Amino acid sequence: MNGSKEHDQICDAIVIGAGFAGMYMLHVLREAGLSAIAFETGGDVGGTWYWNRYPGARCDTESLFYSYQFDEALQQDWNWTERYPAQPEILQYAQHVAHRFDLKRNINFNTKVTDALWDENAQLWNVSTNKGAHKRCRFLISAVGCLSAVNVPDIDGLDDFKGEYYQTGLWPREGVNFRDKTVAIIGTGSSAIQSIPVITEQARHVTVFQRTANYVVPAQNRPLDPTEVAKIKSDYPSLRAKAKATYSGNIFPTGGSSALDVSPEERVQEYENRWRAGGLGLMGAFQDLQSNQASNETAADFVRNKIREIVKDPEVARKLTPTNTFGCKRLCVATNYYETYNRGNISLIDLNDTPIQRITSNGVRTTRQDHDVDILILATGFDAMTGALNRINIQGTGGEKLRDTWRDGPVTYLGLGVHGFPNMFTITGPGSPSVLTNMIPTIEQHVNLIGKCLISMSKKNASRIEASASAQDDWVAYNAELANRSLRVTCNSWYLGANVTGKPRVFMPFVGGLPAYIEKCEEIVRDDFKGFLIT
Ligand code: FAD
Ligand code: NAP
């Protein structure tokens, strides 16, 4: 967008971020007749899919459902090519949406929001950017993403490395040439497990440094069949509604109530069917997999047996075999992950046996040896859910900083608002189901709710909204109580902030499932935004 007078005026809303959340928010605000602009650090729309261009990057939510549903013509017109779309296709989709709804004219690219200060007298937010812009707005809307602040681990000597150095979450647009190169990859989460098979096909040798073995299920990706697509598109509204009624907003079938209610043969058959179907469906095989350790162990054992069947070297299979709770860390979905370890050009280093001492100018030094490489890749994830917001200097009433309010872990009402930060909304903020669900529908649900709230405020001539302290306390306590009953708190996952040194250990997403969350949101809308103080 161009400079000019618009910049000097107070706008109704400033949106931070132009991924799927920021794009749709901008559209809804404009449709409501409100003036809005967005700031985006990246050079284009797409968010996650703009930054994460590593080899093998793709979605593990089915393409026909990892897409917007707010516009019927859009969902009918767009044609996905694969069951699980690759990063370039999702980025193209984001660009298509931006073009179709003429969003870019209100987005400032290559511009990072650095500060947002609430002015109680003027009832306005003062927003500053790294480009020196200062803007004022009535509402500040965060669409900064749950997985957008890259985590650089606390490993000595990272700056000493003299070869090529990349992070999966900040992959160069021009790509990387691995031909005849030796490569070290640190990390074995979702990004690593997608990229390792692809990089190993191209490089001379790949060394993987694993701290925690993960459960990996096959994607069983395939091109989409036009007949299947037509069938889904003709039934989109009812399929979307069905997905919304499941715990994670996905379309795989919900399984029986307990893994222990059926015979061992039936249980294994259920797991086998879901393994063959591919993707995250294994998580939903039985409803008590995240609440009953004995049930969970049956699913864990199923995957452990698969690893032993696939990986030929028993010692490598042993190292790859996870010991923690199945699904406690995000389940990984990949193509040929375990099979790749049967190749001759890959080595697996278990960091529990030989920890990393430091990065040297030539590669990675463990307690056992130096691994000299041409290329070093950090696949070490994100400062999830709070990182992107805490990296902005956000100050609410009385100059209170958001990062201080969240010192002991994030507190929010419904993941949408924070007490002490009036007129600020957080799309898919901590305390909402967000990362435990198919995220585009979840984003739409939040944006629609914020849109309704702003329209209702404008009808009432109201100018200020703030989550009440008691509603926030109740919501935080409720989420903590549910989380503590779940097996999801039994490992060191990024859901708990355990991957970032010094981060408070708090389970950040709402764990009660999408239907319960949506019901609560609908209730508060019916009840005139109960829990928010509107004046
Ligand atoms: P993002 O896409 O993260 O966009 C946020 C944007 O805000 C970024 O572009 C960032 O640059 C910008 N921003 C942040 N801070 C500032 C600032 N201070 N100033 C200006 N701009 C700022 N979800 C699924 O449901 N299914 C999947 O299969 C799936 N796969 C994923 C794969 C990867 C590799 C990753 C990292 C995430 C995946 N996710 C998946 C989660 C994914 O993040 C969401 O699905 C979705 O893309 C989030 O959209 P968003 O707009 O909320 O955030
Ligand atoms: P991640 O899941 O957090 O994985 C990071 C990896 O780096 C882990 O194996 C971690 O080990 C390791 N690590 C971190 N610090 C380390 C250190 N100091 N030394 C050694 N190892 C270290 O990050 P990610 O793979 O980028 O994925 C993040 C999330 O993005 C996923 O969970 C998912 O939600 C989303 N995602 C989805 C897809 C998809 O298929 N759709 C693909 C990529 C990402 P520990 O486990 O021991 O901490």
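Whatever order the structure lists ligands and atoms in, that order sets their numbers, starting from 1. What you see below is based on every heavy atom in this structure, not just the backbone, and it leaves out hydrogens, waters and symmetry mates. Just so it is clear, the structure is predicted and the values come from calculations on it, not from any experiment.
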### Message
Tell me if the aromatic rings of Y517 and H446 count as close, with their centers under 6.0 Å from one another.
### Response
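That pair passes the under 6.0 Å test.
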Between W494 and F382, does the ring centre distance come in under 6.0 Å?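 No, ring centres 6.0 Å or more apart.
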Quick one: look up the protein heavy atom nearest [atom] and list residue, atom name and how far away it is.
{"atom": "atom 25 (O) of ligand 2", "answer": "S191 N, 2.8 Å"}
{"atom": "atom 37 (C) of ligand 1", "answer": "T48 CG2, 3.6 Å"}
{"atom": "atom 30 (O) of ligand 2", "answer": "L147 CD1, 3.6 Å"}
{"atom": "atom 11 (O) of ligand 1", "answer": "E40 OE2, 2.7 Å"}
{"atom": "atom 32 (C) of ligand 1", "answer": "W49 CH2, 3.5 Å"}
{"atom": "atom 28 (O) of ligand 1", "answer": "D60 N, 2.7 Å"}
{"atom": "atom 47 (O) of ligand 2", "answer": "T212 OG1, 2.5 Å"}
{"atom": "atom 20 (C) of ligand 1", "answer": "T41 OG1, 3.2 Å"}
{"atom": "atom 18 (N) of ligand 2", "answer": "P153 CB, 3.3 Å"}

Option whose closest heavy atom lies nearest to [atom], chosen from [options]:
{"atom": "atom 4 (O) of ligand 2", "options": "A213, G189, A192", "answer": "G189"}
{"atom": "atom 34 (O) of ligand 2", "options": "F209, W494, F382, Y495", "answer": "W494"}
{"atom": "atom 47 (O) of ligand 1", "options": "Y54, Y66, F109", "answer": "Y66"}
{"atom": "atom 49 (O) of ligand 1", "options": "I443, T111, T168", "answer": "I443"}
{"atom": "atom 13 (N) of ligand 2", "options": "T380, V333, D383, L280", "answer": "T380"}
{"atom": "atom 6 (C) of ligand 2", "options": "G381, A379, S190", "answer": "A379"}

For [X], is at least one N or O under 3.5 Å away from an N or O on ligand 1?
{"X": "A21", "answer": "yes"}
{"X": "S148", "answer": "no"}
{"X": "R330", "answer": "no"}
{"X": "W51", "answer": "yes"}
{"X": "G22", "answer": "no"}
{"X": "S191", "answer": "no"}
{"X": "F20", "answer": "yes"}

### Query
Which atoms of ligand 1 sit under 4.0 Å from any heavy atom of I392?
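Going through ligand 1 atom by atom, the ones under 4.0 Å from I392 are 18 (N).
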Do protein heavy atoms approach atom 26 (N) of ligand 1 to less than 4.0 Å?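 Protein heavy atoms within 4.0 Å of atom 26 (N) of ligand 1 - there is at least one.
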Checklist entry - Would Q210 and D350 count as having a side-chain donor-acceptor pair, cut-off 3.5 Å? => result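 On atom types as modelled, these side chains do not qualify, holding no pair under 3.5 Å.
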- prompt: Do Q194 and Y54 get their side chains close enough for a donor-acceptor pair, meaning under 3.5 Å?
  reply: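 Yes - a donor-acceptor pair under 3.5 Å links their side chains.
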Looking at [X], which atoms of ligand 2 are within less than 4.0 Å of one of its heavy atoms?
{"X": "I186", "answer": "20 (C), 21 (N)"}
{"X": "R58", "answer": "39 (C), 40 (O), 41 (N)"}
{"X": "G187", "answer": "6 (C), 7 (O), 9 (O), 12 (C)"}
{"X": "Y54", "answer": "42 (C), 43 (C)"}
{"X": "C59", "answer": "41 (N)"}
{"X": "L351", "answer": "20 (C)"}

State whether the shortest distance between N or O atoms of D60 and N or O atoms of ligand 2 falls below 3.5 angstrom.
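Right, the criterion is met.
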* Asked: What about R211: any of its N or O atoms under 3.5 Å from an N or O on ligand 2?
  ->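 R211 vs ligand 2: N/O contact under 3.5 Å present.
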Contact between ligand 2 and [X] is defined here as a heavy atom of the residue under 4.0 Å from a ligand atom; is it met?
{"X": "K329", "answer": "yes"}
{"X": "T188", "answer": "yes"}
{"X": "V435", "answer": "no"}

Margin query: Please determine whether a side-chain nitrogen of the Lys or Arg among D353 and K319 lies less than 4.0 Å from a carboxylate oxygen of the Asp or Glu.
Written below: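 K319 and D353: not salt-bridged.
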Query - Face-on cation placement of R505 at F507 ring, 6.0 Å and 45° thresholds - result: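 Cation-pi check for R505 and F507: fails.
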> Between C328 and C491, is the SG-SG gap under 2.5 Å?
Replying inline: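 A disulfide, yes.
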